[in-house]
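Here's the structure we're looking at; comments come further down.
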Number of protein chains: 2
Amino acid sequence: MALSRAAIVDAGLTILDEYGLGDLSMRRVADALGVQAGALYYHVPNKQSLLAAIADQILSSLPTLPERVTSDDGGPGRVEGTQRHLTSWAHDLRAALLTHRDAAELVASSHALGLGSVDPTAEGRDLLARTGHPEPEATVAALLHLVLGHVVEEQTRAQMHALGVVEHFDPALAERHFRVGVATFVRGVAAVG
Amino acid sequence: MALSRAAIVDAGLTILDEYGLGDLSMRRVADALGVQAGALYYHVPNKQSLLAAIADQILSSLPTLPERVTSDDGGPGRVEGTQRHLTSWAHDLRAALLTHRDAAELVASSHALGLGSVDPTAEGRDLLARTGHPEPEATVAALLHLVLGHVVEEQTRAQMHALGVVEHFDPALAERHFRVGVATFVRGVAAVG
DNA sequence: ACCTGAACACCGTTCAAGT
DNA sequence: ACCTGAACACCGTTCAAGT
């Protein structure tokens with residue numbers, strides 16, 4: 001099979017899951033594809049753009065929010081609906097990140113650098129804008145940071161635990177802390193003004 | 001002058017400010033001290049612990065919260081005082097991070113790895129615990145993630161802007177978004193139950 | 001057009017040997 | 001005790017040369 005950008009991204013994702021972000025090198029990706037490292041640069045400009053493409057692939061599995069909010073007429077259930085949707089957006093994002101090793105760190109750096117074509121905040125921002133929130137941009141950015149920061153820590157600690165660097169790690173506790181953090185923020189979103 | 005752990009940390013911090021985290025290598029630190037790279041390993045076990053020590057140094061400049069809350073008798077001003085203190089804690093942390101290049105990224109990874117002896121969440125957690133908040137741990141962790149995530153992005157974008165990768169960057173807008181994000185979260189903290 | 005082979009300029013870390 | 005010199009096993013990226 002001929003080398004292609006898609007095949008490179010795919011091999012990269014496999015190596016990410018198997019060896020982690022720290023051991024994801026261009027040479028290793030090339031090896032997995034039975035090719036010299038230099039060959040990759042015919043299909044991908046550099047390592048960072050490859051990492052961004054892998055981050056995009058991971059984010060592309062994010063479910064789309066139901067559009068119920070749009071058809072809502074602005075009655076008393078509007079704010080509660082927004083809260084629910086924002087909360088499930090955060091939990092969906094976490095779930096998507098947990099499906100691949102070091103995904104949170106990868107997505108966080110790709111997002112900070114402004115690379116990557118999949119914007120995970122798009123849905124949440126639209127949701128807030130539709131419901132008339134005065135600061136959709138800053139609000140969804142803050143929630144994204146909260147989610148990414150939590151999952152980065154969660155995935156790092158889980159790996160250290162798996163590697164025997166004991167440091168007791170309780171997945172259920174991590175999830176509860178996540179829920180509390182998201183709920184706290186979403187309460188603040190509801191209490192605008 | 002004889003080589004020492006403190007001198008190495010100091011040289012590392014200088015290199016961080018001058019060249020950034022990506023160019024902070026053991027060899028470069030050794031060069032700055034006029035010594036072979038291997039010599040560093042007599043004073044520091046590895047690069048990660050050096051980075052953690054630099055992160056600690058940066059965090060040690062964090063101002064201590066006034067203890068007013070403790071002497072408060074729990075009257076009607078208690079919650080407002082907690083909100084104010086939590087808000088200023090977040091802003092102080094951001095200010096401390098902005099004094100050194102890539103400080104947010106450095107502190108974030110040091111914190112995620114559980115390295116570093118300075119815990120930036122200690123004060124905020126105590127504050128919440130004293131005021132009877134049911135979830136001090138999860139709450140302060142979420143706020144820390146929000147702050148770190150924001151400043152990582154802020155510092156990354158500022159550098160890319162400085163390097164001419166235009167991508168318009170407005171420091172004032174970044175600060176406003178930070179304020180909005182923190183205010184939103186703190187509102188949610190106040191609305192517990 | 002696409003890939004190889006080989007190089008360039010780096011890394012973190014280890015360790016015998018010197019002082 | 002503390003540091004040098006040199007090595008080991010890697011990196012990302014470039015580029016002439018081949019097909």
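Note on naming: letters A, B, ... go to the chains in the order of the sequence lines (proteins, then strands), and numbering restarts at 1 for each one.
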* **Distance, rounded to the nearest Å, where R27(A) contributes CZ and dC10(C) contributes P** => 15 Å
* Structure fact -> Q48(B) CD to dC11(C) C1', in whole Å, measures 15 Å
* From L146(B) atom CG to H145(A) atom NE2, the distance as rounded to the nearest 0.5 Å -> 8.0 Å
* Asked: When you measure from the side chain of K47(B), which nucleotide among dC3(D), dG12(C), dA7(C) comes out closest?
  -> dG12(C)
* What is the base-pairing partner of dA1(C), counting Watson-Crick and G-U wobble geometry with both distances under 3.5 Å? -> dT19(D)
* Under 30°, 30 to 60°, or over 60°: which ring-plane class applies to F178(B) and H150(B), parallel, tilted or perpendicular? -> tilted
* Structure fact -> Between CG of D23(A) and C1' of dC11(C) the distance, given in whole Å, is 14 Å
* Asked: For R28(B) and dC11(C), what is the distance between atoms CZ and C1' respectively, to the nearest whole Å?
  -> 12 Å
* Structure fact -> Scanning all shown strands, the Watson-Crick or wobble mate of dA7(D) with both distances under 3.5 Å is dT13(C)
* Asked: For the side chain of Y41(A), counting heavy atoms from C-beta on, which of dC3(C), dG12(C), dT13(D) is nearest?
  -> dT13(D)
* When you compare dA9(C) with dC10(D), how far apart are their P atoms, in angstrom units rounded to a whole number? -> 22 Å
* Asked: Which of the following nucleotides, dT4(D), dC3(C), dG5(C), is nearest to the side chain of V35(B)?
  -> dT4(D)
* Asked: Would E135(B) and R176(A) pass as an ion pair if we require N to O under 4.0 Å?
  -> yes
* Could you state the atom-to-atom distance from OH of Y42(B) to P of dC2(D) in whole Å? => 4 Å
* Between dC11(D) (C1') and D31(A) (CG): distance, integer Å -> 13 Å
* Separation of atom CD in Q36(B) from atom P in dG18(C), rounded to whole Å -> 16 Å
* Structure fact -> From CG of L24(A) across to P of dC11(D) the rounded distance in Å is 10 Å
* Asked: So, do V189(A) and L128(A) sit near enough that their side-chain heavy atoms are less than 4.5 Å apart?
  -> yes
* Looking only at side-chain atoms of N46(B), point me to the closest of dC3(D), dC11(C), dT13(C). => dT13(C)
* Can you figure out which of dC3(C), dG12(C), dT13(D) approaches the side chain of A37(A) most closely? => dT13(D)
* Salt bridge between R94(B) and E154(B), side-chain N to carboxylate O under 4.0 Å? -> yes
* Reckon H43(A) has a side-chain N or O less than 4.0 Å from the OP1 or OP2 of dA1(C)? -> no
* Residue whose nearest DNA chain C nucleotide is more 5′ - M26(B) or A39(B) -> M26(B)
